[in-house]
Amino acid sequence: MAHSPFDAWISDDEVTSLLADEWARQTTTVQLIASENFTSPAVMAATGSIMTNKYAEGYPGRRYYGGNQVVDEMEDLARRRLTALFGADHANVQPHSGANANVAVYQALLQPGDTILAMRLDQGGHLTHGSPASITSKIWNFVSYGVTPRSDDPEQPGEIIDVEQLRRLAHEHRPKLIVAGATAYSRLIDPAMFREIADEVGALLMFDSAHPAGLIAGGSHPNPAPYADAMTFTTHKTLRGPRGGAILCREEHAKKIDGAVFPGQQGGPLEHAIAAKAVAFREASQPAFSAYTDQVVANARAFARALQSEGFRVVSNGTDNHQVIVDLRDFDAELTGKEAQEVLDRAGITTNRNQIPDDPRSPFVTSGLRLGTPAETTAGMREGEFASIATLMARALRDRANETSVETVRNDIAELCSRFNPYAHFTG
Ligand code: DSN
């Protein structure tokens, strides 16, 4: 069984067997989860490096443990690379996740009970944008904006951020903070427009760029850094780094934000992840990365068009980024997001179900799928391969009652993946 060269160091049969299984799953099935990617071997090696041994509570030059001379240099390197990549004043590379990064900014800039204006979960926002299921909604007072109604007029696509509603809610509720950014939204988000509205009401602006961070670094999405008081993100999505989070902010907020991450919220930073973040930030600064992010967007556009030709309705009638949000109801009114995700899993196509704007079904069932092109673009797929995947998805979902048919799609997908293996150099 193909496996990573690092696994040779693990003399634990149960663990190595599971690692080999996951290696096979990732390289023989198609990965279409918009928030996932294939990291470089260098990022994986740094994640599995000696830095995992070190406790380093605090920040470079101000640690609560000895022996941090090298760790300090590594964390400084990651911070320098990150501020240079986005043109920001200050970086904090310690958040363990995007959710932690968001909560740290709220904690740093607000008092409990303050009002935050953010995008509602079922309109494309994130749990930490004030979902009732998130701790954020118990500490701060959220007001939610959403997207415009569905429109079938290709000249006037609906389901885009409702700027009129955003402005009206901002003036009515005078939030202390406005959050821009989404988790299931396929259009560009204009940071200048958000800054303008924030300035009209004297609000701070946080841009949650977890999804487009890589596109921003590559120049395929406008950069919020010059506009936002703080910019949060995960490092493992379009940015193609290790799992983790980061925050960029203006100098005036740096001390408070650092204090909110540690000691406010987290303990010891994961210095092995920070080493891998440094590797990823350098990779993202190379010209090849811009070519990659442009291809991610071109592939998503081609994928959206191909899905439409197969009878799927694409939310907002297209995409400007790495995501395609599919409303399954026009394809098959009975087909839920949950069932589609399960059928596609059997067909070797990994997706996640997602609510579409104003979804009548629950977040657990949903009427939609969220698809993304970052991972398979890393593997080398282009527009033609994404068009083929759209056809195979439609075939599997149409014939879902016929297991032989689903199996045939799985074989076709395995053949496609054998030509686009991101780790081919490991598996020979
Ligand atoms: N994990 C994020 C995503 O998939 O977009 C949401 O938290």
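What you see is a predicted model, and the numbers here were worked out from it, not measured in a lab. FYI, the numbering just counts along the sequence from 1. Whatever order the structure lists them in is the order used to number ligands and atoms, beginning at 1.
- Relative orientation of the Phe312 and Phe331 rings is parallel, given thresholds of 30° and 60° on the angle between their planes.
- Aromatic ring orientation, His322 versus His211: parallel (interplanar angle below 30°, classes split at 30° and 60°).
- Electrostatic pairing of Arg25 and Glu22 counts as a salt bridge here, judged by a charged N lying under 4.0 Å from a carboxylate O.
- Between Arg346 and Glu342 no salt bridge is recorded (no basic side-chain N to carboxylate O distance below 4.0 Å).
- For residues 238-289, the pairs satisfying ring pair (Phe, Tyr, Trp, His ring centres under 6.0 Å) are Tyr64-Phe262, Phe289-Tyr292, with sequence neighbours left out.
- Closer than 4.0 angstrom to ligand 1 by heavy atom are Ser35, His126, Thr183, His211, Lys237, Arg370, sorted by chain and number.
- For the pair Arg370 and Tyr185, the cation-pi test (distance below 6.0 Å, angle within 45°) is failed.
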